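Please read the structure below before turning to the comments.
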Amino acid sequence: MLNIVLFGPPGVGKGTQAKKLVERYGLKHLSTGDMLRAEKASGSDLGNKVAEIMNAGKLVSDEIVNAIVESQVRANRDEKGFIFDGYPRTSAQAAKLDEILAGIDAGIAATLFLDAPKEELVSRLLKRAQEQGRADDNEETIEKRVVEYNEKTLPVAEVYRAQDKLRTVEGLGEIDEVFERLVAVVEIVNA
Ligand code: B4P
């Protein structure tokens, strides 16, 4: 199995690049953001709870997110591999992901850390706000998402660095340029 984690701040292009990697390598795309937005759109009790948290720029609880990922991994265990997009976002999620993958005799090949300056992230997200009107893409919420990222998510990079699985990739530039940088790394880890 080829299991890749796409890691980085809000708006860096995880979702954008995950779709392209999935197409190139035939992997299963698991985006916790997309799955949570689907739950939100369903109007279920859980969806309403999730909507409130996401619209406030906060991270949804580990319990909820871990349960969603676990069921998806189990249901798709015969795939060639997974692209984890936006997961893990806390140290507890990182520990859970190892456990989930160990349960299907698999592990993470690499964590691709896309990074870009904050001004670029804010400008991309505000542009997306105009194009798609996502409830969490406004100046106030973006600021809160960046704070959550710095406090809770960024430390997860160190977990993967310690395991020698972290690969940093420049997220500034044209979408196709960034993609080619990611592919160059995947080719090495998948050799
Ligand atoms: P996500 O859906 O994961 O979204 P994101 O971090 O904002 O964006 P991403 O990095 O995927 O950016 P994208 O490619 O879309 O999370 C949303 C929320 O869900 C979180 O705040 C949280 O509340 C919740 N959540 C999700 N996962 C969770 C977890 N594991 N635990 C707890 N809570 C969780 O790109 C952004 C924009 O930039 C797009 O418009 C794109 O077209 C553009 N773009 C991309 N690459 C570009 C480039 N190279 N140049 C110019 N523009 C570019």
Side-chain angles (χ1 to χ4, degrees), residues 4-22 29-41 46-73 82-97 100 111-157 159 169-183:
I4 305 277
V5 171
L6 261 185
F7 186 87
V12 77
K14 300 182 292 293
T16 304
Q17 299 296 338
K19 289 187 191 88
K20 293 173 74 70
L21 287 168
V22 158
H29 184 194
L30 288 190
S31 158
T32 43
D34 286 352
M35 293 186 274
L36 292 169
R37 276 185 290 278
E39 193 63 49
K40 188 171 146 179
L46 176 63
N48 292 336
K49 198 166 137 195
V50 158
E52 213 175 290
I53 301 167
M54 290 174 84
N55 295 350
K58 299 277 185 194
L59 290 181
V60 174
S61 77
D62 291 338
E63 199 190 356
I64 293 174
V65 178
N66 286 337
I68 295 178
V69 172
E70 185 160 31
S71 75
Q72 285 296 315
V73 168
F82 296 99
I83 297 271
F84 295 98
D85 162 8
Y87 178 91
R89 263 173 153 104
T90 64
S91 307
Q93 291 179 17
K96 184 66 185 180
L97 180 57
I100 294 170
T111 294
L112 309 181
F113 183 2
L114 271 179
D115 210 2
K118 187 181 164 196
E119 309 76 66
E120 172 72 13
L121 306 174
V122 173
S123 119
R124 287 183 191 180
L125 293 172
L126 290 177
K127 187 162 172 246
R128 183 168 69 186
Q130 287 172 351
E131 291 163 358
Q132 298 174 21
R134 234 174 79 171
D136 56 345
D137 286 341
N138 58 72
E139 243 161 307
E140 195 191 332
T141 308
I142 293 167
E143 193 55 47
K144 289 185 187 148
R145 285 160 65 192
V146 171
V147 169
E148 283 280 271
Y149 170 77
N150 286 328
E151 283 179 3
K152 297 179 183 158
T153 305
L154 194 52
V156 178
V159 173
V169 176
E170 174 61 61
L172 259 189
E174 296 296 321
I175 289 173
D176 286 341
E177 262 170 25
V178 176
F179 179 62
E180 289 311 324
R181 288 178 203 141
L182 290 168
V183 166

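On a predicted model such as this, the values are computed, not experimentally measured, just so you know. Just follow the structure's listing: the first ligand is 1, and inside any ligand the first atom is 1.
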Nearest non-hydrogen protein atom, atom 8 (O) of ligand 1: Gly11 N, 3.4 Å
Nearest protein heavy atom with distance in Å, relative to atom 19 (O) of ligand 1: Met54 CE, 3.2 Å
Under 3.5 Å: N/O of Ser31 near N/O of ligand 1: no
Part of Ile175 with heavy atoms under 4.0 Å of ligand 1, whether side chain, backbone, both or neither: both
Test applied, side-chain contact (heavy atoms from CB on, under 4.5 Å); reference residue, Tyr87; option that passes from Val5, Leu6, Asn66: Asn66
For atom 33 (N) of ligand 1, the protein heavy atom that lies nearest, with its residue and separation: Val60 N, 3.1 Å
Neighbour count >12 (heavy atoms, 6.0 Å) for atom CD, Glu170: yes
Lys20 atom NZ, neighbour heavy-atom count above 12 within 6.0 Å: yes
Atoms of ligand 1, numbered as shown, that sit under 4.0 Å from any heavy atom of Leu36: 24 (C), 25 (N), 26 (C), 34 (C)
Closest protein heavy atom (residue, atom, distance) for atom 10 (O) of ligand 1: Lys14 NZ, 2.9 Å
Residues Lys40 and Asn48: side-chain donor-acceptor under 3.5 angstrom: no
Numbering as shown, the atoms of ligand 1 that approach Gly86 to under 4.0 Å (heavy-atom distance): 27 (N), 28 (C), 29 (C), 30 (N)
Nitrogen or oxygen atoms of Leu59 and ligand 1 under 3.5 Å apart: no
Numbered atoms of ligand 1 (with element) below 4.0 Å of Arg145, judged on heavy atoms: 5 (P), 7 (O), 21 (O)
Residue pair Asp62 / Thr90, side-chain donor-acceptor N/O under 3.5 Å: yes
Protein contact to atom 39 (C) of ligand 1 [nearest heavy atom, distance to 0.1 Å]: Arg128 CD, 3.9 Å
For Asp85, the option from His29, Lys19, Gln17 that meets side chain to side chain donor-acceptor pair (under 3.5 Å): His29
Side-chain touch Thr141/Arg145, heavy atoms, less than 4.5 angstrom: yes
Heavy-atom nearest neighbour in the protein, as seen from atom 14 (O) of ligand 1, with distance rounded to 0.1 Å: Thr16 OG1, 2.7 Å
Tyr87-ligand 1 polar pair, N/O distance under 3.5 Å: no
Residue pair Val69, Phe84: steps toward the side chain to side chain contact (heavy atoms under 4.5 Å, CB included) verdict: CA-CA 9 Å; Val69 172; Phe84 295 98; 4.1 Å; yes
Sub-4.0 Å atoms of ligand 1 with respect to non-hydrogen atoms of Val12: 10 (O)
Close-contact set for ligand 1 against Arg134 heavy atoms, below 4.0 Å: 2 (O), 4 (O), 7 (O), 17 (C)
Element-labelled atoms of ligand 1 that are located less than 4.0 Å from some non-hydrogen atom of Arg37: 2 (O), 17 (C)
Minimum-distance protein heavy atom relative to atom 44 (N) of ligand 1: Arg124 CD, 3.9 Å
Glu177 CD: over 12 foreign heavy atoms closer than 6.0 Å: yes
Parallel, tilted or perpendicular: rings of Phe7 and Phe113 (30°, 60°): perpendicular
Stepwise side chain to side chain contact (heavy atoms under 4.5 Å, CB included) test for Val156 and Arg89: CA-CA 7 Å; Val156 178; Arg89 263 173 153 104; over 6 Å; no
Polar contact flag for Lys58 and ligand 1 (N/O pairs, less than 3.5 Å): yes
Atoms of ligand 1 close to Gly15 [distance to a heavy atom under 4.0 angstrom, numbered from 1]: 9 (P), 11 (O), 14 (O)
Under-4.0 Å salt bridge between Glu70 and Lys96: yes
Residue pair Leu125 / Pro10: nearest heavy atoms and the distance that separates them: CD1-O, 3.8 Å
Nearest-contact summary for atom 1 (P) of ligand 1 - protein heavy atom, Å: Arg89 NH2, 3.8 Å
Distance filter under 4.0 Å to Gln93 heavy atoms, resulting ligand 1 atoms: 29 (C), 30 (N), 31 (N), 32 (C)
